[in-house]
Q: 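Attaching a single structure in structure tokens format; questions to follow.
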Amino acid sequence: MRIDVLTLFPGMFSGPLDHSILLKAREAGLLTVAAHDLREYAEGRHRVTDEPPFGGGGGMVMKPEPIFAGVEALREKFGQGKAVLLSPQGEMLDSVLARRLSAEEHLILICGRYEGVDQRVADHLADLEVSIGDYVLSGGELPALVLIDAVARFLPGVLGDPLASSRDSFEEGLLEGPQYTRPRSFRGHTVPEVLLSGDHAAVEKWRREEALRRTRERRPDLVRKALTPGKGVE
Ligand code: JA5
């Protein structure tokens with residue numbers, strides 16, 4: 001899969017993409033990510049990318065022309081990629097959407113800054129708007145990185161075990177249960193006996209019960225969803 005990012009801050013993408021799973025996915029040729037400076041697509045001596053909003057109100061809004069030029073240049077080079085605008089007005093990212101996006105050959109992620117992006121980008125350029133949650137952020141870059149990570153985990157071969165992504169907690173529709181490692185006793189807090197018993201069936205049963213109990217307690221909305229036919233659990 002290829003992912004191009006249009007951003008005023010391409011430097012924000014190097015750190016996260018250069019570690020761990022995302023680095024390995026890129027090295028294996030399963031994922032290509034390129035961050036492009038939107039200023040390169042801005043015209044004029046000053047390469048202006050933002051202007052004050054029509055109607056007043058203060059702050060700055062990102063101009064449509066550099067964003068349209070960037071997406072159009074990338075589509076000319078690589079074909080009809082799906083353009084995704086990161087925005088609080090977007091469809092909420094969850095594992096279903098991440099998996100759907102992982103089936104695309106090419107994504108173009110558009111990151112806003114300042115007070116946001118001229119509405120014509122959402123209306124006439126982007127195929128989809130995606131939000132990662134109901135909180136204010138300074139721009140779309142961190143949401144784009146979250147999306148890249150969530151999507152990459154569904155690409156075949158990115159996780160060592162081919163079944164790993166389908167076993168992940170949200171794919172099962174439940175929260176993960178508790179996990180423990182050595183030492184068996186830490187500051188007087190001991191590990192549940194069953195995990196030390198060597199009885200694999202008992203361990204599996206305990207894990208499933210713990211996952212359900214925790215999900216009922218913390219995320220009753222997920223339990224309702226999981227019990228909806230075709231959405232996991234049974
Ligand atoms: C802020 C100019 O889903 C959380 C999000 C917050 C946020 C996003 S997505 N985009 C922007 C932005 O600020 O473009």
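One is the number of the first residue; the rest follow in order along the sequence. Just so you know, ligand 1 is whichever comes first in the structure, and atom 1 is the first atom listed for that ligand.
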Q: Heavy-atom distance under 4.5 Å between the side chains of I67 and V117, does that happen here?
A: yes
Q: Please find the pair of heavy atoms, one from A42 and one from V48, that lie closest to each other, and give the distance.
A: CB-O, 3.6 Å
Q: Which protein residues have a heavy atom closer than 4.0 Å to any atom of ligand 1, listed by chain and number?
A: L86, S87, P88, G112, R113, Y114, G116, S131, I132, G133, Y135, L137, G139, G140, P143
Q: Who are the salt bridge (Lys or Arg N to Asp or Glu O under 4.0 Å) partners of D134, not counting sequence neighbours?
A: none
Q: Indicate yes or no: at least one non-hydrogen side-chain atom of V151 is less than 4.5 angstrom from one of M1.
A: yes
Q: Are V203 and L195 close enough that some pair of their side-chain heavy atoms sits under 4.5 Å apart?
A: yes
Q: For E27, is there an ion pair with K24 - N to carboxylate O distance below 4.0 angstrom?
A: no
